[in-house]
Each structure stands twice: as structure tokens, then as C-alpha cells.
Undergrad: 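Take this structure first; my questions come after.
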Amino acid sequence: MTEIQNPILPGFNPDPSILRVGDDYYIATSTFEWYPGVQIHHSRDLRHWRLLTRPLDRAAQLDMRGDPDSGGVWAPCLTRADGQFWLIYTDMKRRDGAWKDSHNYLVTAPAIEGPWSDPVYLNSSGFDPSLFHDEDGRKWLLNMVWDHNQTGGDRFGGILCQEYSVAEQRLTGPVHNIYRGTDHKLTEGPHLYRRDGYYYLLTAEGGTGYDHAVTMARSRDLLGPYETDPQKHLVTAKDAPDAYLQRAGHGDIVETQGGEFYLVHLCSRPLDETRATETGRADGIHADDVRRSPLGRETAIQKLTWEPGAFPRLAHGGPAPAATVPAPDLPEHPFDATPARTTFAPDRLPIDFQWLRIPAPERLFSLTERPGALRLFGRESPGSQFEHALVARRQTEIAFTAETEIDMQPGDYQHFAGLVAWYGRFKFHYLAVTANEAGERVLTVYSCPADWPDARITLPIAPIPLPGEAPVRLGCDVDGAVLRFRYAREGGDWRDLGIALDQSAISDEAGNGPGNNFTGAFVGMCAHDTSGRGRPADFLHFFYEAR
């Protein structure tokens with residue numbers, strides 16, 4: 001029997017929404033502050049997936065300048081009806097404190113690759129919106145509602161439902177709170193299905209950490225009341241701390257051509273050296289801050305059984321997610337592997353790469369000013385929420401090698417560029433070419449290992465002289481919780497810097513400030529010029545490969 005290995009979308013790919021159109025399957029996932037917005041993967045067999053498109057690619061659809069770390073695009077919902085694709089998404093402008101500014105929008109397209117329309121504004125009452133197309137042709141928007149008046153950790157006020165008018169392009173009629181969740185609390189992530197005379201409501205509960213869960217309820221009437229599944233949680237790893245997949249929750253269900261059912265859900269894979277032991281401590285380097293997942297929240301899949309008139313169940317039994325599941329009875333359809341070495345063509349940035357927040361990439365980089373190279377224009381500091389010249393790809397393996405070659409003549413110490421392992425503004429390791437106070441070119445390391453609120457930048461090595469003007473190769477090797485930087489001058493061998501940095505800090509769980517929990521580790525190229533002069537750095541290629 002052919003099996004599917006989880007996760008099916010490794011690396012930062014959370015909040016999956018799955019859709020089947022004929023023989024094609026699509027999954028949309030959250031991208032948060034990374035631009036363009038929303039990742040859509042494609043499959044023909046639920047086992048092999050390729051990144052197909054990112055539809056939110058212009059300022060009219062998405063402008064995230066000023067959005068916080070782990071703000072931006074939350075929990076998209078992808079559906080198809082009336083001959084077109086419908087995509088709902090949140091742009092989260094504020095996510096800390098008692099209030100959240102969560103603006104929800106709708107875009108449509110005749111084909112999955114576009115063109116995608118300008119957005120229709122829907123509401124701002126909460127996040128995780130989804131669109132349900134009922135059998136009578138009416139359309140309903142669901143989203144969780146944020147109740148800022150509540151004290152403590154649970155400001156999740158239930159699941160709202162309101163009709164959407166296609167003709168008027170707006171929500172219409174009364175707002176109904178159809179489900180307030182269970183005692184597990186933090187009810188969010190709604191998706192609605194109609195089957196066997198019932199409306200089945202799938203939600204996420206317990207927060208997006210290690211208590212996360214998928215909960216189901218159903219009703220004969222769309223507007224309720226909804227009866228919670230007696231089992232309560234369809235999938236969760238909260239009671240299975242040794243399970244391979246942790247933080248399982250926020251799911252969506254698809255039916256195959258042959259009538260089989262599968263659930264996709266987010267999950268994470270904590271590093272072995274940071275998992276808790278029986279005593280609640282860790283075997284590795286983090287005894288007091290266990291379970292760190294640099295790859296962030298990934299997407300996994302589970303096979304379901306769904307008998308008529310019953311609630312669905314995991315096919316393998318119980319609520320704990322499985323590492324492997326039986327594949328559907330479909331022909332295998334693999335895709336070509338992505339080359340490890342990336343060269344830069346003038347027409348477009350390779351699809352694996354994204355940048356931060358800004359809808360005007362020409363402010364950050366050029367693929368034409370130096371043919372065959374990626375030219376980054378040094379913009380604001382690594383702490384910027386506005387113009388930050390960083391182009392990176394997801395870390396998708398626990399152990400990997402990344403390399404680039406940089407051609408740069410720094411004018412002074414305010415101009416620096418290089419190779420970065422990145423999670424957010426307070427979590428990164430940065431191997432940078434810059435200048436010392438005398439204006440001489442040097443190599444240094446900036447490290448910010450999740451030490452909010454101080455956001456302390458450490459310099460773990462003394463600057464290394466880089467005389468001459470020749471390009472310099474920069475590399476990093478990551479093995480679980482350890483990152484090692486290296487470099488090579490023109491015609492020379494690689495030289496290890498002799499330091500081991502904490503890669504587990506480049507993770508959801510590390511630190512205790514804004515930016516925790518929601519994205520994942522990236523590795524890529526960046527340039528900074530805090531003088532405001534926009535001085536460039538050229539990157540001649542990029543290399544990423546699993547170790």
C-alpha cells in the first residue's frame with residue numbers, strides 16, 4: 001500500500017485550506033508578513049505537491065508595511081463556485097494586547113493562476129474567515145469574533161455567520177453567533193460542510209501551541225444550534241507528547257473522486273534535542289525552554305472515515321495525528337524536484353523566494369541592473385516593519401546547507417549585507433559583509449537569539465578582514481539546533497568561523513515577545529543601509545540542499 005509521509009508541506013505552511021476541482025487538489029496556506037501573500041500548492045494524488053502560485057501580489061490586494069511580525073495574511077480559505085475561485089483572507093494589522101485589527105477581504109479568479117481580482121472588503125470583527133457556498137446558492141461568511149472586553153487569555157467570542165451578497169459585493173443581513181466552542185476554548189478556524197442533512201462545523205481550539213486541536217459540531221440548521229461531537233476533538237496531539245507531529249489543529253476536509261475523505265491540518269515537529277523527557281526537562285541544550293520547532297507550523301494530512309449520519313473519525317483511530325497515512329486510490333503524480341542551485345533570471349524571482357511586507361519589490365531588489373545577479377538595495381535595519389531588503393526561502397529540512405556569493409563594496413559600517421537565518425525582527429543569525437570604522441571591508445556576525453524585550457544584538461566573533469574587492473562566498477550548515485557559518489574568498493577554501501549558534505532560537509517557541517508561534521525559519525539574502533542611501537549588494541547565486 002502506498003503511503004503519504006507527513007508533513008506534506010514541510011516548513012512554514014500553516015492554516016491549510018484544501019480544495020478539489022476535478023482531478024486537481026489545491027491547498028492555500030498563511031504567509032503572514034511575507035510577500036506575495038497566500039501560498040497555493042497543487043497536487044494530483046495528495047502525496048506529491050508543488051508550489052503553484054501566490055495570488056496576492058499587488059498593492060491593491062495587500063500592503064503590509066507596518067504590519068507586526070506574525071501579522072499580515074492569516075488563515076486563507078480557498079473555494080470554488082459559480083465557475084470561479086474564491087479566496088478569503090485576513091490582513092492582521094495589530095495582534096498584541098487587548099485589541100486586534102483584523103481586516104477580512106475576498107478576491108476571485110476564473111483560474112487558479114489568475115488573474116485575481118481587486119479585493120472586496122468584508123469585515124474586521126475577527127480573523128480566520130471562510131466562505132460557505134450552500135446548496136441553494138446562498139453564500140455565508142464565517143469568522144471567529146474577537147472580544148476585547150474579556151480578561152485573561154480567552155478573548156475568542158465564538159463563530160460568527162453572516163450572509164454575503166454577490167450582487168451587492170458586501171455582507172448583508174443579521175450577524176449570528178452560531179457556536180461558542182467547548183471548554184477547551186480559543187475557538188477559531190471555522191469551515192462548514194453540508195452532508196447527510198447536517199451542517200458540519202469544523203473549528204480549531206486550544207490556541208496554536210501544544211494544546212491545539214480540531215473540534216467538530218453539527219446542526220440541522222445552518223444557523224444552529226450546533227451539537228459538539230461527543231468525542232470533541234477530531235485530531236489533537238495535546239495528550240500525545242511523544243507523537244512525531246505536535247501542535248495539530250486548524251484543519252479542513254476534502255473528498256476525493258472515489259469518495260474517500262482526508263483532513264489536512266497544521267502541525268509542527270519539535271527538534272529531538274528540545275523535546276521534553278518524562279521529568280518535563282529536555283535532553284538537549286534547552287532544559288528550561290523545551291520543544292522548539294524551527295520549521296514552524298507545517299501542513300500534514302490524515303485519512304478519515306465518515307459514515308453517513310456520523311461524525312468523521314481518523315481512520316487509524318484516536319485523535320493523535322499519524323506520521324504516515326494510506327494514500328488515496330489515485331495514480332501517482334510526482335513533480336520535478338527544485339534544483340538546489342538558484343541562478344537569477346531577469347524576468348522573475350524564483351517562486352521559492354519571498355520578501356517582507358512591501359508591495360513594491362523594485363524598492364528592494366532588481367533582477368535587471370546586473371544580469372544574472374540579484375541586486376538588493378540596502379534599506380532599513382533588520383528591525384524594520386516597513387522597508388526591509390530581505391529575500392529568502394523557507395527552511396524545509398531539519399538539517400540543510402545554504403550558500404551564496406556576494407559582490408559588495410561597503411562604504412562604511414552602516415552598509416552591510418550577507419546571508420541570514422531569519423525568523424523575525426528579534427530572532428536571526430546574520431553573516432554580514434560590512435566595513436569597520438576605518439572603512440576597511442570586513443566579515444562579521446550579528447546574532448539576535450530571541451532575547452526580547454532587550455532585542456540584544458551580539459557579535460560572537462571579532463570582525464574578519466576581507467581585503468580586496470573580489471566576491472566572497474558565504475555559507476551556513478544547520479543540523480537541528482546548531483548553525484555554523486563559513487566563508488571563502490576568491491579561489492580559496494571554505495573557512496569555518498569556529499562558532500556554534502543556536503538555530504532552535506530561530507523558531508516559533510523561542511523568546512517571549514511579539515512574533516512567537518506563527519511563522520517559521522527562513523534562510524536567504526539581505527542588505528541594509530541605515531544611512532538611508534540605499535547602497536546595493538549583488539548576490540550571484542543561491543544554493544539550498546538538505547543534508
Side-chain angles (χ1 to χ4, degrees), residues 7-22 24-44 46 48-58 61-62 64 72-81 84-92 102-117 119-120 122 127-133 139 141-144 188-193 202-204 208 214 249-255 262-267 296-301 335 351-352 354 394 518-520:
I8 53 173
L9 304 183
F12 161 47
N13 278 290
D15 311 322
S17 170
I18 191 167
L19 170 68
R20 180 176 70 85
V21 180
D24 295 293
Y25 294 83
Y26 304 103
I27 292 179
T29 54
S30 300
T31 43
F32 292 84
E33 68 265 35
W34 291 91
Y35 212 95
V38 180
Q39 295 217 122
I40 297 180
H41 283 79
H42 170 232
S43 176
R44 301 295 296 273
L46 294 181
H48 302 93
W49 294 86
R50 61 165 177 159
L51 179 57
L52 182 65
T53 186
R54 296 191 189 95
L56 305 181
D57 60 1
R58 61 185 187 273
Q61 297 170 319
L62 185 65
M64 298 184 290
V73 175
W74 284 25
C77 174
L78 180 66
T79 57
R80 182 171 171 82
Q84 62 181 353
F85 291 89
W86 306 68
L87 179 67
I88 309 281
Y89 62 97
T90 300
D91 182 3
M92 181 63 72
S102 52
H103 308 314
N104 296 319
Y105 300 94
L106 162 68
V107 293
T108 57
I112 193 69
E113 294 181 278
W116 288 88
S117 69
V120 173
L122 298 171
F127 48 87
D128 290 2
S130 69
L131 191 64
F132 173 65
H133 308 270
K139 303 185 187 303
L141 182 78
L142 295 90
N143 62 269
M144 65 77 64
E188 57 186 335
H191 289 285
L192 198 59
Y193 317 90
L202 188 76
T203 63
T208 194
V214 171
H250 198 118
D252 195 10
I253 294 173
V254 69
E255 183 177 2
Y262 284 82
L263 168 83
V264 292
H265 64 92
L266 68 79
C267 65
R297 300 180 305 155
E298 307 173 283
T299 287
I301 193 167
F335 298 103
I351 195 170
D352 284 338
Q354 287 181 275
R394 285 158 176 73
F518 296 158
T519 59

Undergrad: Once the angle between the rings of H191 and H250 is folded into 0 to 90°, is it parallel (under 30°), tilted (30 to 60°) or perpendicular (over 60°)?
TA: perpendicular
Undergrad: Just so I know, are the side chains of L9 and V264 near enough to count as touching, which here means a heavy-atom distance under 4.5 Å?
TA: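 Of all side-chain heavy-atom pairs linking V264 with L9, none is under 4.5 Å.
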Undergrad: Who are the salt bridge (Lys or Arg N to Asp or Glu O under 4.0 Å) partners of D91, not counting sequence neighbours?
TA: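 Scan of D91 (salt bridge (Lys or Arg N to Asp or Glu O under 4.0 Å), adjacent residues dropped) gives K93.
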Undergrad: Measure the OG1-CG distance between T29 and L78 for me, rounded to the nearest 0.5 Å.
TA: 10.5 Å
Undergrad: Any side-chain heavy atom of P36 within less than 4.5 Å of one from L56?
TA: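 No; the side chains remain at least 4.5 Å from each other.
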Undergrad: Rounded to the nearest 0.5 Å, what separates atom CG in D352 from atom CD in Q39?
TA: 8.5 Å
Undergrad: Locate the shortest heavy-atom distance separating P16 from I27; write the atom from each residue and the value.
TA: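 Looking at all heavy atoms of both residues, the shortest contact is CB-CG2, 3.8 Å.
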Undergrad: Show your reasoning for whether side-chain contact (heavy atoms from CB on, under 4.5 Å) applies to I18 and T299.
TA: CA-CA 11 Å; I18 191 167; T299 287; over 6 Å; no
Undergrad: Side-chain contact, heavy-atom cut-off 4.5 Å: R80 with I112?
TA: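 R80 vs I112: side chains apart.
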Undergrad: Applying side-chain hydrogen bond (donor to acceptor under 3.5 Å, both in side chains), can you list everything that pairs with S102, at least two apart in sequence or on another chain?
TA: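 With sequence neighbours excluded, S102 shows a side-chain hydrogen bond (donor to acceptor under 3.5 Å, both in side chains) to no residue whatsoever.
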Undergrad: Distance from H265 atom NE2 to E298 atom CD, nearest 0.5 Å?
TA: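 Rounded to the nearest 0.5 Å, the NE2-CD separation comes to 11.0 Å.
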Undergrad: E188: what forms a salt bridge (Lys or Arg N to Asp or Glu O under 4.0 Å) with it, not counting sequence neighbours?
TA: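 For E188, no residue satisfies salt bridge (Lys or Arg N to Asp or Glu O under 4.0 Å) once neighbours in sequence are set aside.
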Undergrad: List the residues meeting salt bridge (Lys or Arg N to Asp or Glu O under 4.0 Å) with R58, not counting sequence neighbours, and say none if there are none.
TA: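 Only D118 meet the salt bridge (Lys or Arg N to Asp or Glu O under 4.0 Å) criterion with R58.
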Undergrad: Please give me the minimum heavy-atom distance between P55 and L87, naming the atom from each residue.
TA: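 Distance-wise, the nearest heavy atoms are CG-CD2, 3.6 Å.
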Undergrad: If the condition is ring pair (Phe, Tyr, Trp, His ring centres under 6.0 Å), which residues does Y105 pass it with, not counting sequence neighbours?
TA: Y89, Y121
Undergrad: With side-chain contact (heavy atoms from CB on, under 4.5 Å) as the test, would you mind laying out the steps for M144 and T203 before giving the verdict?
TA: CA-CA 9 Å; M144 65 77 64; T203 63; over 6 Å; no
Undergrad: Closest heavy-atom contact between T79 and L19?
TA: C-CD2, 3.8 Å
Undergrad: Indicate yes or no: at least one non-hydrogen side-chain atom of N13 is less than 4.5 angstrom from one of R394.
TA: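 The answer is yes; the side chains approach within 4.5 Å.
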Undergrad: Counting only N and O atoms by type, is there a donor-acceptor contact under 3.5 Å from the side chain of Y35 to the main-chain atoms of M64?
TA: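 Not at all, since once roles are kept as given, no pair shorter than 3.5 Å links the two residues.
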Undergrad: Quick one: side-chain hydrogen bond (donor to acceptor under 3.5 Å, both in side chains) partners of S30, sequence neighbours excluded?
TA: D15
Undergrad: Output the distance between atom CG (N104) and atom CD1 (I88), rounded to the nearest 0.5 Å.
TA: 8.0 Å
Undergrad: Checking H42 now: which residues fulfil ring pair (Phe, Tyr, Trp, His ring centres under 6.0 Å) with it, not counting sequence neighbours?
TA: Y26, F335
Undergrad: Taking ring pair (Phe, Tyr, Trp, His ring centres under 6.0 Å) as the definition, give me every residue that meets it alongside W74, ordered by chain and number, with sequence neighbours left out.
TA: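 Here the qualifying residues are F32, F127, F518.
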Undergrad: Going by side chain to side chain contact (heavy atoms under 4.5 Å, CB included), name the residues that satisfy it together with Q84, two or more places apart in sequence or in a different chain.
TA: W86, T108
Undergrad: Sequence neighbours excluded, which residues qualify as side-chain hydrogen bond (donor to acceptor under 3.5 Å, both in side chains) partners of H41?
TA: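 For H41, no residue satisfies side-chain hydrogen bond (donor to acceptor under 3.5 Å, both in side chains) once neighbours in sequence are set aside.
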Undergrad: Would a distance-only check, ignoring hydrogens and angles, find a side-chain to backbone donor-acceptor pair under 3.5 Å from S130 to P190?
TA: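 Such a contact is found between S130 side chain and P190 backbone.
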Undergrad: Taking side-chain hydrogen bond (donor to acceptor under 3.5 Å, both in side chains) as the test, write out the residues that go with S43, two or more places apart.
TA: D45
Undergrad: Please report the shortest heavy-atom distance between T90 and P129, naming the atom on each side.
TA: OG1-CD, 3.0 Å
Undergrad: If every non-hydrogen atom of G189 is compared with every non-hydrogen atom of D128, which pair is closest and at what distance?
TA: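 Looking at all heavy atoms of both residues, the closest pair is N-OD2, 2.9 Å.
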Undergrad: Using every non-hydrogen atom in the two residues, find where T31 and V38 come nearest and quote the distance to one decimal.
TA: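 That would be OG1-N, 2.7 Å.
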Undergrad: Just how far is it from atom OH of Y25 to atom CH2 of W49, taken to the nearest 0.5 Å?
TA: 8.5 Å
Undergrad: Nearest 0.5 Å please: distance from the SG atom of C77 over to the CG atom of N143.
TA: 11.5 Å
Undergrad: Return the set of residues passing salt bridge (Lys or Arg N to Asp or Glu O under 4.0 Å) with R54 (not counting sequence neighbours), or none when no residue passes.
TA: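 Listed in chain order: nothing, the list is empty.
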